[in-house]
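In what follows, chains are A, B, ... by sequence order, proteins preceding strands, each numbered from 1. What you are looking at is a predicted structure, and each value in this text was computed from that prediction instead of being measured. Only heavy atoms go into these numbers, but all of them, side chains included; no hydrogens, no water, no symmetry mates.
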There are 2 protein chains.
Amino acid sequence: MLELAGLPADCAKRRATGGCDVCQARPFSVCASVPDADLARLDGLAETVALEPDQALFRQDDPVTHIFNVTSGSLRLSRLLPDGRRQIAGFLFAGDFIGLSDEARHAFAAEALEPSTLCRFRQGDYRALMREVRDLETALLQRAGRELSAARDQALRLGRKSALERLASFLIDLPGIDPLRPATPDVIRLPMTRGEIADYLGLTIETVSRSLTKLKQLGLVRQLSLNLLKVERHDALRDLAEGLG
Amino acid sequence: MLELAGLPADCAKRRATGGCDVCQARPFSVCASVPDADLARLDGLAETVALEPDQALFRQDDPVTHIFNVTSGSLRLSRLLPDGRRQIAGFLFAGDFIGLSDEARHAFAAEALEPSTLCRFRQGDYRALMREVRDLETALLQRAGRELSAARDQALRLGRKSALERLASFLIDLPGIDPLRPATPDVIRLPMTRGEIADYLGLTIETVSRSLTKLKQLGLVRQLSLNLLKVERHDALRDLAEGLG
DNA sequence: CGTTCTCTTGACCAGCATCAAAATTTGTGG
DNA sequence: CCACAAATTTTGATGCTGGTCAAGAGAACG
């Protein structure tokens, strides 16, 4: 029942390459070195959730009742303005947590990009557990710190980068956050649509498409299929992403 | 020596209004209900840092050695692109923490907006302490969650809002994060320059200035002095910030 | 009071959005 | 497997928001 995806990055990587059978089953617990006795208690409290593409885990303004951990697939965290403008605050992949903040309601909706599974705890159970299982809290704090860094990188992207730089930066960062990336390091899987990339990068679908075409023309990436890219010149792409283009 | 500014919001508020003398001295500890024995150990590890305006606490890419807590004043978290473009990821006020992420180097520089003081721990000491003082970690996790929410709100601002909406949204949110706001709820203190607001909102100085003029023309705010605003129509400002304008 | 810095205002321009349509991909039924 | 319909992506033409460049108005400092 318990199926939290690994917190430590190296664990997530081993999972992705299929090298860690134990982690596959209960990666979080093992990687965080939680004693077996506590493991059993975690097992008892965990529930599994499965989502179809576009199905909502929760909606914007829903009360926060659970803590979730993504075990497979990918989701989007999105928020709508009254007039329909949408901002995607982030994409979530195996290992990511949702609901760490102690707010009463979700400011963003979480919806599946593809068939996905999650593991959840009631927030009350979870809080109580954290008071007893020390490593759980430590691991979560580390992860929250990393997510905060990612959110600030996103601010830089949205605030000060051109459309082309935003897309380049997105393509550079994506493999790092998706443990299920293809074995080949420079092949990038895009489980999201152009519209979702646009809403993540604060652009329109058309501009995302045009920017991608530009990257292809510059010879920085090659398109293997609609949602599979190969980075041809990683350094050049990185320079562009960092504003050195 | 120990002078962590309060974690729980109500404590920070009491500090701001001068109502909590004990909190003034060691707000974090008291509010988090840390036992006296642990308090003494915290005291032994804490150091105070004072900064002049524009003085750097650390620079972008510096190694992370300490955890900081702002006890007075305000700072900016900023990052530069090679060509000089600057993005300010956030403003920090009394009570805010820096260095929660476990990364080796700072992705953003921290610089004082005004004369400020901070309390710091060596990261090693701090980690060790967290393993023993339970409430410290719990409180930090809550705070990290809140900062993450704020960072995601910022993504919405930068990604999908117009210049006028960004400024309105900034003015709505600022009092909530600055415990030293004036007693009058609708008077907003701006310890940062127009240029800093611009770099925070992903705009230029000129656009910030024009947008502020527009807000005044619309009768939503009145300018008491260069860096002091009075919100005249809070609901209208909020609607504008949320895209209902 | 004058020097300097910051803020405000104005004129013009560019990057991205908008509107429109063609090209590809995806899904469905025969 | 093919044909057709629907949805998504790409490409093209035009317009607007906000950036750039320039000058003037206030504040802050000695």
Side-chain angles (χ1 to χ4, degrees), chain A residues 52-54 76 81 83-87 113-115 157-171 189-218 221-229 240 243 245, chain B residues 52-54 76 81 83-87 113-115 157-171 188 190-218 221-229 240 243 245:
Chain A
E52 294 306 307
D54 287 324
R76 59 176 183 258
L81 289 176
D83 62 1
R85 280 176 285 177
R86 179 178 71 166
Q87 176 67 34
L113 296 177
E114 55 189 333
R157 248 199 294 266
L158 294 176
R160 285 298 178 225
K161 290 183 180 176
S162 71
L164 199 61
E165 289 167 347
R166 289 186 209 186
L167 185 61
S169 170
F170 171 65
L171 294 179
R189 183 181 73 105
L190 300 174
M192 64 292 286
T193 66
R194 299 290 185 272
E196 285 160 344
I197 296 175
D199 284 345
Y200 179 65
L201 297 179
L203 302 168
T204 59
I205 292 178
E206 295 90 327
T207 301
V208 169
S209 184
R210 271 185 261 268
S211 301
L212 185 56
T213 300
K214 193 77 169 284
L215 288 182
K216 287 188 282 185
Q217 286 170 350
L218 292 172
V221 304
R222 196 153 50 86
Q223 195 164 16
L224 304 181
S225 75
L226 237 192
N227 293 317
L228 214 60
L229 300 180
L240 182 57
Chain B
E52 295 306 306
D54 287 323
R76 57 176 185 260
L81 288 177
D83 62 1
R85 282 176 285 177
R86 180 176 71 166
Q87 176 66 35
L113 296 177
E114 54 188 333
R157 248 198 296 265
L158 294 175
R160 286 298 179 224
K161 289 183 180 176
S162 72
L164 198 62
E165 289 167 348
R166 289 185 209 187
L167 185 61
S169 170
F170 171 66
L171 294 179
I188 301 177
L190 299 174
M192 65 291 287
T193 66
R194 299 291 185 271
E196 286 160 343
I197 296 175
D199 284 344
Y200 180 64
L201 297 179
L203 302 169
T204 59
I205 294 179
E206 295 92 328
T207 301
V208 169
S209 183
R210 273 186 260 268
S211 300
L212 184 56
T213 301
K214 193 76 170 285
L215 288 182
K216 287 188 281 186
Q217 286 171 350
L218 292 170
V221 304
R222 195 154 50 89
Q223 195 164 15
L224 304 181
S225 75
L226 238 194
N227 293 318
L228 215 58
L229 300 179
L240 182 56

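- Here the P atom of nucleotide dG26(D) and the CZ atom of Arg194(B) are 15 Å apart, to the nearest Å.
- Shown here are the side chain to side chain contact (heavy atoms under 4.5 Å, CB included) partners of Ser209(A), two or more places apart in sequence or in another chain: there are none.
- Look at CG on Asp83(B): it is 10 Å from P on dT20(D), rounded to the nearest Å.
- The span of DNA chain C lying next to chain B, judged by atoms under 4.0 Å from heavy atoms, is bounded 5' to 3' by dC7(C) to dA11(C).
- Summarising the geometry of Ala163(B) relative to Thr207(B), their closest heavy-atom pair is CB-CG2, 3.6 Å, with the distance given to 0.1 Å.
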What's the verdict on side-chain contact (heavy atoms from CB on, under 4.5 Å) for Phe170(A) and Leu190(A), showing C-alpha distance, side-chain angles and the deciding distance?
CA-CA 11 Å; Phe170(A) 171 65; Leu190(A) 300 174; 4.2 Å; yes
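- Among residues two or more places apart in sequence or in another chain, the side chain to side chain donor-acceptor pair (under 3.5 Å) test is passed with Ser211(A) by none.
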Could you run down the sub-3.5 Å N/O contacts of the protein with nucleotides 28-30 of chain D?
none

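- The shortest non-hydrogen separation linking Arg160(A) to Leu81(B) is O-CD1, 4.0 Å.
- Partners of Arg210(A) according to the side chain to side chain donor-acceptor pair (under 3.5 Å) rule, which considers only residues two or more places apart in sequence or in another chain, do not exist here.
- In this structure, Leu212(A) atom CG and dT8(D) atom P are separated by 18 Å, rounded to whole Å.
- Sorted by residue number, the members of residues 159-167 of chain A with any non-hydrogen atom under 4.0 Å from DNA chain C read Ser162(A), Ala163(A).
- Atom CG of Leu203(B) is separated from atom C1' of dG19(D) by 10 Å (rounded to the nearest Å).
- With sequence neighbours excluded, the residues that form a side chain to side chain contact (heavy atoms under 4.5 Å, CB included) with Glu52(B) are Gln55(B).
- Annotation for Lys216(A): atom NZ counts as buried by contact number, over 12 foreign heavy atoms lying within 6.0 Å.
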Would you check, one step at a time, whether the test side-chain contact (heavy atoms from CB on, under 4.5 Å) holds for Leu167(A) with Lys214(A)?
CA-CA 10 Å; Leu167(A) 185 61; Lys214(A) 193 77 169 284; over 6 Å; no
Distances under 3.5 Å between protein N/O atoms and the N/O atoms of nucleotides 11-15 of chain D, please, pair by pair.
from	atom 1	to	atom 2	distance (Å)
dT11(D)	OP2	Thr213(A)	OG1	2.4
dG12(D)	N7	Arg210(A)	NH1	2.8
dG12(D)	O6	Arg210(A)	NH2	3.3

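- Leu226(B) meets the side chain to side chain contact (heavy atoms under 4.5 Å, CB included) test with Arg194(B), Gln223(B); sequence neighbours excluded.
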Between protein and nucleotides 2-7 of chain D, what N or O pairs are separated by less than 3.5 Å?
none

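- Rounded to a whole Å, the CG atom of Leu201(B) is 11 Å from the P atom of dG19(D).
- When the side chain to side chain donor-acceptor pair (under 3.5 Å) test is applied to Arg166(B), no partner is found at least two apart in sequence or on another chain.
- Interatomic distance, Asp199(A) CG to Arg85(A) CZ, rounded to the nearest 0.5 Å: 11.5 Å.
- Atom CG of residue Leu171(A) and atom CG of residue Leu215(A) lie 6.5 Å apart, to the nearest 0.5 angstrom.
- Closest approach of Lys161(B) and Ser169(B) over heavy atoms only: NZ-OG, 3.7 Å.
- By the 4.5 Å heavy-atom criterion applied to side chains, Leu229(B) and Arg222(B) are not counted as neighbours.
- Between its two ends, the helix from dC1(C)-dG30(D) to dG30(C)-dC1(D) turns its axis by 50°, counting five pairs per end and rounding to 10 degrees.
- Here CG of Leu164(A) is found 4.5 Å from CG of Leu240(A). Values are rounded to the nearest 0.5 Å.
- When heavy atoms are screened at a 4.0 angstrom cut-off, Glu196(B) is found touching no nucleic acid atom at all.
- In plain terms, the two heavy atoms of Arg157(A) and Tyr200(A) that are nearest each other are NH2-OH, 3.2 Å.
- The heavy-atom pair separating Pro191(A) from Arg189(A) by the smallest distance is CD-O, 3.3 Å.
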